[in-house]
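Quantities reported herein were computed from a predicted structural model and do not represent experimental measurements. Order of the sequence lines fixes the chain letters, A, B, ..., with proteins taken first and strands second; residue numbering starts at 1 for each chain.
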Amino acid sequence: MTDPKDTINIENVVASTGIGQELDLQSVAMDLEGADYDPEQFPGLVYRTQNPKSAALIFRSGKIVCTGAKSTDDVHESLRIVFDKLRELQIQVNEDPEIVVQNIVTSADLGRNLNLNAIAIGLGLENIEYEPEQFPGLVYRLDEPEVVALLFGSGKLVITGGKKPEDAEHAVDKIVSRLEDLGLLE
Amino acid sequence: RLRKWQERIRTKDAGERNLQFALSEIDRMASALGVPRSVREVASVVYRRALNEDLIRGRSIEGVSTSCLYVACRQESIPRSLEEVADVSRVEKKEIGRTYRYIAQELSLEMKPVDPKEYVPRFCSALDSSEEVQAKAREIIDTTAEEGLLSGKSPTGFAAAAIYAASLLCNEKKTQREVADVAQVTEVTIRNRYQEQIETMGIH
DNA sequence: AAATTACTTTATAAAGC
DNA sequence: GCTTTAAAAAGTAATTT
């Protein structure tokens with residue numbers, strides 16, 4: 001059988017950084033092609049990169065949030081593009097500002113169907129949130145690693161809240177062993 | 001010192017008035033939903049617990065009242081869907097759901113998932129279905145749920161499909177629209193659940 | 001009636017209301 | 001709390017064709 005760990009796929013990486021310099025977003029919005037800036041709606045300017053695909057939120061403080069990347073490498077590549085674009089606008093940007101990964105969203109597949117009702121009871125109602133009227137996924141909060149897993153009837157799952165790719169692997173291992181202990185897998 | 005006294009009295013009065021308002025709202029919504037007095041009492045107890053645990057802060061009284069009533073219906077095994085509860089509340093469905101999850105978590109209510117069978121009596125009486133249809137619907141729900149078909153599915157849609165299927169099997173046909181209306185789900189949902197259910201039941 | 005679009009849930013940073 | 005951004009999971013709903 002396929003190891004569920006081998007089905008792990010990073011779907012989204014969120015990271016933050018900053019150029020340590022105040023920005024006039026109004027003028028950046030004018031000069032930067034494709035920039036979306038509506039301060040009435042949101043204080044950040046939205047700039048999308050194509051390769052790799054991502055969305056960067058640029059703030060007046062010079063802090064930047066990058067979302068939508070498929071890997072940590074893509075985050076760095078996307079932000080390198082953003083930094084270069086800002087330099088083209090005569091804005092000073094250091095060589096390599098510190099980039100901090102804040103959240104990684106991962107998907108995986110346990111390979112067999114799950115009885116979510118049984119899992120909700122088995123794992124303990126106090127740790128689980130399962131309200132199929134509101135959402136088809138069962139919400140399972142783990143302490144170690146500190147992530148949140150969404151389990152679906154198909155056996156597919158989503159893991160979010162992790163800061164490193166290994167967090168998802170550890171989470172999958174724990175989920176698999178807990179379900180096996182309860183005899184709820186297979 | 002006198003001011004402090006007045007303030008305390010003022011906040012105490014305000015608190016009393018808020019509690020009265022919450023309880024009268026629970027009463028109003030409970031009447032509109034047609035649930036028995038026992039449900040209102042359970043809802044009141046849950047609301048007072050939420051009040052004691054200071055869970056109301058930052059939330060609307062109406063939202064908490066509605067959520068407590070939703071909790072009470074489920075605990076008394078005569079659930080109302082969020083859709084139905086939202087229909088008699090001035091709070092939108094999304095907020096009722098969020099407030100409900102928050103209260104259930106904070107009060108450690110350990111709510112079990114709603115059993116679709118609990119919707120059968122009410123939906124069937126609204127459809128004037130026979131006892132035979134009800135029994136058949138329950139059988140379909142139990143059998144298909146054991147086969148894993150219930151995972152992730154809405155209890156109302158699951159119950160509605162089973163009732164629709166049972167009506168056909170008992171020669172008391174109801175249209176999908178009729179069943180959809182009483183269950184407050186779409187015909188598409190009934191169709192989808194119905195197909196899966198008759199497949200695993202081996203009914204042809 | 002089938003296809004498309006859209007919304008529900010989870011986490012996360014950013015600045016400001 | 002909310003606002004915006006991205007992405008997955010699967011169910012449900014509202015529109016469009």
Return the nearest nucleotide to the side chain of [X]; candidates are [options].
X: A:N103; options: D:dT12, C:dT12, C:dT9; result: C:dT12
X: A:R48; options: D:dT5, C:dT8, C:dT12; result: D:dT5
X: A:N12; options: D:dT12, C:dT10, D:dA7; result: D:dA7
X: A:K156; options: D:dA13, C:dT9, D:dA9; result: D:dA9
X: A:Q41; options: D:dT4, D:dA14, D:dA9; result: D:dT4
X: A:V148; options: C:dT10, D:dA13, D:dA9; result: C:dT10
X: B:T189; options: D:dA13, D:dA7, C:dT9; result: D:dA13
X: A:P43; options: C:dT10, D:dT3, D:dT12; result: D:dT3
X: B:R191; options: C:dA1, D:dA7, C:dT12; result: C:dA1
X: A:F135; options: D:dT3, D:dA10, D:dT5; result: D:dA10

Quick one: [X] [atom1] to [N] [atom2], roughly how many Å, whole number?
X: A:E11; N: D:dA6; atom1: CD; atom2: P; result: 15 Å
X: B:Q195; N: C:dA2; atom1: CD; atom2: P; result: 10 Å
X: A:D167; N: C:dA11; atom1: CG; atom2: P; result: 15 Å
X: A:L151; N: D:dA10; atom1: CG; atom2: P; result: 12 Å
X: A:L110; N: D:dA10; atom1: CG; atom2: P; result: 11 Å
X: A:Q102; N: C:dT10; atom1: CD; atom2: C1'; result: 17 Å
X: A:I8; N: D:dA9; atom1: CD1; atom2: P; result: 15 Å
X: B:K153; N: D:dT12; atom1: NZ; atom2: P; result: 7 Å

Testing the 3.5 Å rule here: is there a donor-acceptor pair between the side chains of B:R98 and B:Y102?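 No.
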Would you say the side chains of B:R138 and B:Q134 form a donor-acceptor pair under 3.5 Å?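 Indeed, the side chains of B:R138 and B:Q134 share at least one donor-acceptor pair under 3.5 Å.
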So [X], base contact, sugar-phosphate only, or nothing? Heavy-atom distance under 4.0 Å.
X: B:G152; value: sugar-phosphate
X: A:T106; value: nothing
X: B:R57; value: nothing
X: B:Q184; value: sugar-phosphate
X: B:V185; value: sugar-phosphate

Check this for me, if you would: do [X] and [Y] make a salt bridge, where the nitrogen-to-carboxylate-oxygen distance has to be below 4.0 angstrom?
X: B:K136; Y: B:E172; answer: no
X: A:E180; Y: A:R112; answer: no
X: A:E131; Y: B:R101; answer: no
X: A:D167; Y: A:K164; answer: no

Name the residue closer to the 5' end of DNA chain C, choosing between A:R141 and B:Q176 according to the nucleotide with the nearest heavy atom.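 The residue whose closest nucleotide sits nearer the 5' end is B:Q176.
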Quick check on contacts: within residues 56-83 of chain A, what sits under 4.0 Å from DNA chain D by heavy-atom distance?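 Per residue number, the list reads A:L57, A:T67, A:G68, A:K70.
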Salt bridge (charged side-chain N to carboxylate O under 4.0 Å, His left out), that's the test. Do A:R87 and A:D84 meet it? Break it down for me. CA-CA 5 Å; A:R87 290 189 185 104; A:D84 281 345; 2.8 Å; yes
Below the 4.0 Å mark, does [N] have OP1 or OP2 next to a side-chain nitrogen or oxygen of [X]?
X: A:S54; N: D:dA6; result: no
X: B:R98; N: C:dT8; result: no
X: A:S154; N: D:dA10; result: yes

Assign each of B:R59 and A:F152 to its nearest nucleotide of DNA chain D by heavy atoms, then name whichever residue's nucleotide is nearer the 5' end.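 Looking at DNA chain D, the more 5' nearest nucleotide goes with B:R59.
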Nearest-angstrom distance, P atom, D:dA9 to C:dA2: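 Between the two P atoms, the distance is 24 Å.
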Same-atom distance (P) from D:dT5 to C:dA6, integer angstrom: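 After rounding to an integer number of Å, I get 13 Å for this pair.
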State the pairing partner of D:dA7; accept Watson-Crick or G-U wobble contacts with both distances under 3.5 Å, and report none otherwise.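 Checking every strand shown, D:dA7 finds no partner, since no pair has both distances under 3.5 Å.
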Is there a Watson-Crick or G-U wobble partner for C:dA11 with both distances under 3.5 Å, and if so, which one is it?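 Across all strands, not a single nucleotide pairs with C:dA11.
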Side chains of B:L149 and B:F158: does their closest heavy-atom pair fall under 4.5 Å?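 Yes; the side chains approach each other to less than 4.5 Å.
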Spell out, yes or no, whether B:F21 and B:L55 are grouped together once hydrophobic residues are joined by side-chain heavy atoms under 4.5 Å, including indirect joins.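 Linked within one cluster.
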Is it the case that one hydrophobic cluster holds both A:L89 and A:Y47, taking links as side-chain heavy atoms less than 4.5 Å apart, direct or via other members?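 They do share one cluster, since a chain of ILVMFWY contacts under 4.5 Å joins A:L89 to A:Y47.
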